[in-house]
Amino acid sequence: MNAATQPRPQSRPQRDEAYNFAYLDEQTKRMIRRGLLKAVAIPGYQVPFGGREMPLPYGWGTGGMQLTAAILGAEDVLKVIDQGADDTTNAVSIRRFFARTAGVATTERTPEATIIQTRHRIPETPLQADQIMVYQVPIPEPLRFIEPSETETRTMHALNDYGVMHVKLYEDIATFGHIATAYAYPVTVDERYVMDPSPIPKFDNPKLDMSPALMLFGAGREKRLYAVPPYTRVTSLDFEDHPFEVQKWEHNCAICGSQDSFLDELILDDQGTQSFVCSDTDYCAQRVNEGREGQ
Amino acid sequence: MYVAVKGGEQAIDNAHKLLAKKRRGDTTVAELGVEQIRQQLPLAVARVMTEGSLYDEELAALAIKQAAGDLVEAIFLLRAYRTTLPRFSASLPIDTSSMQLNRRLSATFKDVPGGQLLGPTFDYTHRLLDFTLLAEGEYPGPQGKPDATVEACPRVLGLLAKEGLIKEEADTGAPVADITREPLEYPASRAERLQALARGDEGFLLALGYSTQRGYGRNHPFAGEIRVGGVEVWIEPEELGFPIAIGAIEVTECEMVNQFVGSATELPQFTRGYGLAFGHAERKAMGMALVDRSLRAGEYAEEIISPAQQEEFVLAHCDNVEASGFVSHLKLPHYVDFQAEVELIRKLRKPSKEQAQ
Ligand SMILES: [Zn+2]
């Protein structure tokens, strides 16, 4: 599935034969794939699925892991990021899990990956048509914080009744002068379903729109999955007089000097001296390789 | 110059080694055997089997050992193992009327056919620390009569039902979903609710059941019967066409007699709540029975106003593996979202600063 122009990554690790390929049994994978087909057919619609108990805790990526397990093939190259970084402990743990149970090659390079499982970020490097993003989702229901009942929110989706969401955003503007949502910022998919893009910063929302990559979302504890097919319209909710806008920083990355990537803030000393660096560590490292540097 | 945090793999490996060391404790003290846990902590084993949804005393004891005594962690371990097991067959309903009783009590009648049987219980013990247990020594317990048999006895609520005083529970014959294979959707069937409650956290169900006693959805419960003992498990393989017993398990069953209902067309009848747990687990079975009854509010046209009556609230939050996972995920890094919030709050604070000037 990998782009022919990309170099093949490193050799594949040894698979632990005590488990089925990618841990889940084949029947469960088929069940999940059927759910994914439905999700792709109805962009942004939350499909209930028979989520399994994974050997990692709920809330730690079990939904994303089940989706990855269901679509993973022996030839795939997997990248796992958390907060944009490949080396965060939970990303390490999930990458190891698939290296062990599926014996697939893994990579930290965004362009080399055929599947990218992520928590909270979309890579800065533009995605390609042959790539699949798998998002870990804690609460799949964008209306949940307005209406706690699942029965009610399913009805609201069915009736295309999203008035409460607009009221909530309007109340933000009335109270704060801005829409006070910085991440998990709701989007409309294909002009129909309002969808939670997972807790990515709203900075990443525009990357969902008309992306050539397939986007899959898995919520393990809530047993829901949903999808955004390639080249689908994804718009962030806003108002004409308060258009959607993404975060901007007054700083550049201290490592690579990037002016347009999502930056993590670091506090360097007891005096609170700040420094800002790219959240996407692969993007940052590649820029350094190309000879760029911070100030 | 800051270098992006590296070393996650090494940190994870080291953490695992430290955990193993903490679990083992002082190596001059003998290591705890799985069989010791199984034999000497049977109530912990029962809870782990019940909420882990897997009847296997040895594996539950192993999970308790591996979890260093953290029962919710042990339940999680057992669940994660259970999910990998193939399903051979669904058993026939267990027949608790033919239970080999270890303990049985009814709070509703002074005497019942078969009698009351106190059995092994903390009830009526004075909760005084027993310092003789500090010294390790043999305690043989009472001598049982090797030829003693306890007769199976009818369930108390069945006696009430004969007189028509309590609502009959009829098997609708509808297929029973497996909530570990299919996602729970609302409204759930009673069978699905009972499955969720059986797997539910003992503490959560205890607290919710307690809340109904204190007036949040009161339903006037009486402990109609609690029985603990062994029941046979039967399956009917398709290729055989007749049932065979595959073994026996210990269960605790609680049937609550609750507030009666009636109408212009129906004579008043008591209602019931049901609880069932693996092993000896009375607190769990009682909490479950109280909550089962309170979740039947809709069925009996009662006003749904209290947490214990709200199906979505109870079922979505009673599972401690789900709850513990989601609460503990707050330990995962959230710096991207936090940075987004920090950026937002700085932006929101700007105009108010100007106004102050
Ligand atoms: Zn950078």
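Residue numbers start from 1 in every chain, and the chains themselves are labelled A, B, ... in the order their sequence lines are given, proteins ahead of strands. Keep in mind the model is a prediction, meaning the values are calculated, not measured.
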Participant: Which distance, rounded to the nearest 0.5 Å, do you find between the CG of A/Asp25 and the CG of B/Leu85?
Facilitator: 10.5 Å
Participant: Distance from A/His120 atom NE2 to B/Phe338 atom CZ, nearest 0.5 Å?
Facilitator: 14.0 Å
Participant: What part of A/Thr181 is in contact with chain B, defined as an atom under 4.5 angstrom from a non-hydrogen atom: side chain, backbone, both or neither?
Facilitator: backbone
Participant: Determine, for A/Lys202 against B/Glu343, whether the closest basic-nitrogen to carboxylate-oxygen distance falls under 4.0 angstrom.
Facilitator: no
Participant: If only atom types and distance count, is the side chain of A/Glu150 paired as donor or acceptor with the main-chain N or O of B/Glu312 below 3.5 Å?
Facilitator: no
Participant: Is B/Val327 close to chain A through its backbone or its side chain, or both, or neither, when contacts mean heavy atoms under 4.5 Å?
Facilitator: neither
Participant: Is it the case that the side chain of B/Arg79 and the backbone of A/Met54 share a donor-acceptor pair, with hydrogens and angles ignored and the cut-off at 3.5 Å?
Facilitator: no
Participant: Which atoms of B/Phe76 come close to chain A, meaning under 4.5 Å heavy atom to heavy atom: side chain ones, backbone ones, both, or neither?
Facilitator: side chain
Participant: Taking only Lys NZ, Arg NE, NH1 and NH2, and the carboxylate oxygens of Asp or Glu, determine whether B/Arg346 and A/Glu265 approach each other closer than 4.0 Å.
Facilitator: yes
Participant: Under 3.5 Å, side chain of A/Gln83 to main-chain N/O of B/Val336, donor-acceptor pair present?
Facilitator: yes
Participant: Examine whether an atom of A/Tyr23 lies under 4.5 Å from a heavy atom of chain B, and if so say whether it belongs to the side chain, the backbone or both; otherwise answer neither.
Facilitator: side chain
Participant: Is any side-chain heavy atom of A/Gln136 closer than 4.5 Å to one of B/His329?
Facilitator: no
Participant: Please state whether the side chain, the backbone, both or neither of A/Leu56 comes within less than 4.5 Å of a heavy atom of chain B.
Facilitator: backbone
Participant: With side chains defined as the heavy atoms from C-beta onward, is the minimum distance between A/Tyr183 and B/Leu344 less than 4.5 Å?
Facilitator: no
Participant: Out of A/Arg154, A/Arg96, A/Lys223, A/Met31, return the one with the most heavy atom pairs under 4.5 angstrom to chain B.
Facilitator: A/Arg96
Participant: List the steps, then state whether side-chain contact (heavy atoms from CB on, under 4.5 Å) holds for A/Glu222 with B/Phe326.
Facilitator: CA-CA 11 Å; A/Glu222 302 279 341; B/Phe326 201 49; over 6 Å; no
Participant: For chain A, find which of B/Glu341, B/His334, B/Gln310, B/Lys331 contributes the most heavy-atom pairs closer than 4.5 angstrom.
Facilitator: B/His334
Participant: Please determine, among B/Glu182, B/Arg82, B/Arg181, B/Glu185, the option with the most heavy-atom pairs under 4.5 Å with chain A.
Facilitator: B/Arg181
Participant: Under 3.5 Å, is there a donor-acceptor pair between the side chain of A/Glu53 and the main chain of B/Thr83?
Facilitator: no
Participant: With a 4.5 angstrom heavy-atom cut-off, which part of A/Arg52 approaches chain B: side chain, backbone, both or neither?
Facilitator: both
Participant: Identify which part of A/Tyr185 has an atom lying under 4.5 Å from any heavy atom of chain B, answering side chain, backbone, both or neither.
Facilitator: neither
Participant: What part of A/Phe262 gets within 4.5 angstrom of chain B, counting heavy atoms only: side chain, backbone, both, or neither?
Facilitator: side chain
Participant: In terms of heavy-atom pairs under 4.5 Å with chain B, which of A/Gln247, A/Arg121, A/Arg119 leads?
Facilitator: A/Arg119
Participant: Below 4.5 Å from any heavy atom of chain B, which atoms of A/Ala184 appear? Answer side chain, backbone, both or neither.
Facilitator: neither
Participant: Is B/Ser324 close to chain A through its backbone or its side chain, or both, or neither, when contacts mean heavy atoms under 4.5 Å?
Facilitator: neither
Participant: Could you look at B/Ser328 and say if it's the side chain, the backbone, both or neither that has a heavy atom under 4.5 Å from chain A?
Facilitator: both
Participant: Heavy-atom distance under 4.5 Å between the side chains of A/Ser279 and B/Tyr335, does that happen here?
Facilitator: no
Participant: Tell me which of these, A/Gln27, A/Arg221, A/Arg95, has more heavy-atom pairs under 4.5 Å with chain B than the rest.
Facilitator: A/Arg221
